[in-house]
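The structure appears below as structure tokens.
Proteins come first, then strands; the chains are lettered A, B, ... in the order of their sequence lines, and each starts at number 1.
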Number of protein chains: 2
Amino acid sequence: MSDAEQTRQKILDVSADEIHKNGFNATSLSVILEKCEISKGALYYHFTNKIELGYAVFEEIYVPMFLGMWEPALSVKDPIEGLCDFFNTVSNEMICDEAVCGCPLNNLCQEMANVDEGFRQRILNMQEQLNDLISSSLQKISNQLRNNIDYSQVSYFIVASFNGSMNLSRSSRNKELFQKVIAELCHYIKALKK
Amino acid sequence: MSDAEQTRQKILDVSADEIHKNGFNATSLSVILEKCEISKGALYYHFTNKIELGYAVFEEIYVPMFLGMWEPALSVKDPIEGLCDFFNTVSNEMICDEAVCGCPLNNLCQEMANVDEGFRQRILNMQEQLNDLISSSLQKISNQLRNNIDYSQVSYFIVASFNGSMNLSRSSRNKELFQKVIAELCHYIKALKK
DNA sequence: AATATAACCGACCGATTGGTTTGTGGCAAG
DNA sequence: CTTGCCACAAACCAATCGGTCGGTTATATT
């Protein structure tokens with residue numbers, strides 16, 4: 001990787017971290033510059049403006065990370081078990097000492113989807129991708145599941161509930177509460193089976 | 001109501017609206033002053049600073065509005081039906097023309113719970129109040145429900161899922177999607193019955 | 001050696017932010 | 001009539017924001 005690419009990557013990594021912690025608007029470019037130990041000129045050489053930097057973080061950091069988490073959970077023999085394991089892992093591994101930051105994509109979604117059309121489109125795209133992933137995984141074992149299941153509806157509900165749970169735990173900073181809600185979510189998912 | 005009280009109330013109302021639309025940090029005091037047609041001196045006569053204004057909006061506007069929505073839904077003969085009616089009403093009455101703003105309390109929760117301890121405490125307090133409300137309402141008809149129900153867990157899950165659904169609809173701006181997720185939530189709630 | 005370009009520096013800019021301070025009209029009490 | 005306080009108005013402040021721009025350095029090319 002060339003020097004320039006390294007700088008660009010460092011900007012992306014630091015920005016992803018800062019945006020995750022503070023949200024997009026509250027993230028200051030000057031803080032990013034400090035942590036990267038670069039000048040403003042360097043940043044604006046690689047990115048035309050703040051929002052383009054945000055898009056790049058979304059596409060090059062958040063989306064791969066996001067899919068890298070969900071995909072393995074769904075591409076197992078039993079996606080129902082896979083999902084529950086995934087949710088439980090997330091809820092168990094949650095760190096309570098520091099401020100809980102929640103899912104970066106989910107956060108960005110709440111903050112920016114209504115403000116900026118570029119973010120909104122990217123978020124929508126992600127949501128649809130994830131929904132396809134879940135619903136197709138569930139359909140593969142449809143013979144084991146209840147009849148009359150609207151797979152798209154169920155998938156969106158699972159994602160919505162999981163996000164809602166993360167938000168709850170984020171604001172309450174209560175790991176046990178998070179685990180309880182996740183337990184109920186898993187209870188619901190498992191009830192999809194016959 | 002005295003003149004002073006009227007100005008104070010107007011500040012609260014306008015601020016509540018602005019914070020609902022833009023979030024707390026993105027809400028500018030100057031915009032509030034314009035819409036209220038008052039000067040900065042007036043605002044700082046009634047409130048010591050921006051965050052105290054935020055607390056006042058939370059306590060005097062959002063909380064009463066919030067409880068005023070949930071309570072009637074739960075204080076009916078069948079709270080299960082009450083909840084489903086409530087959720088369906090919300091999803092049907094949602095306005096898609098303008099930017100969908102979601103639940104102000106939920107938004108504030110995501111934005112501020114990890115940033116400001118004062119907001120976090122107030123939010124936590126609200127969440128517990130709501131959870132008590134739901135779980136006690138469900139317990140009243142426990143004879144009609146399945147055995148082995150963890151009422152607190154179920155209540156938190158309902159709230160988390162509902163919030164997650166609102167967030168989903170907020171970012172997708174898709175009323176039908178919202179209604180589908182709500183339908184699944186109602187499906188889950190009704191399955192609590194024997 | 002001269003030139004060109006990529007990669008970056010850092011001073012500067014206008015706009016806006018939350019917040020302070022000084023002043024002032026009106027009304028009520030003495 | 002005057003004094004004093006309430007309820008503001010309006011100018012002002014430092015800090016910070018995202019963004020611009022002229023200049024510099026290192027490397028590659030001719």
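Using modelled atom types, one finds a donor on one side chain and an acceptor on the other under 3.5 Å when comparing A/Y55 with A/D116. A/N107 and B/Q110 share no side-chain donor-acceptor pair at under 3.5 Å.
With rounding to whole Å, A/I11 atom CD1 is found 12 Å from C/dA7 atom P. Protein atom CD1 of A/I51 is 15 Å distant from nucleotide atom C1' of D/dC17, rounded to whole Å. Atom pair B/Q6:CD and D/dC6:P shows a separation of 19 Å (rounding to whole Å applied).
Relative ring orientation between A/W70 and A/F66 is described as tilted, the plane-to-plane angle lying within the 30° to 60° band. Aromatic ring pairs are classed by plane angle as parallel below 30°, tilted from 30° to 60° and perpendicular above 60°; the pair B/F162 and B/F87 is parallel.
No donor-acceptor pair under 3.5 Å is formed between the side chain of A/Y156 and the backbone N or O of B/E184.
Residues of residues 18-48 of chain B having a heavy atom closer than 4.0 Å to DNA chain C, listed by number: B/T27, B/S28, B/L29, B/S30, B/K40, B/Y44.
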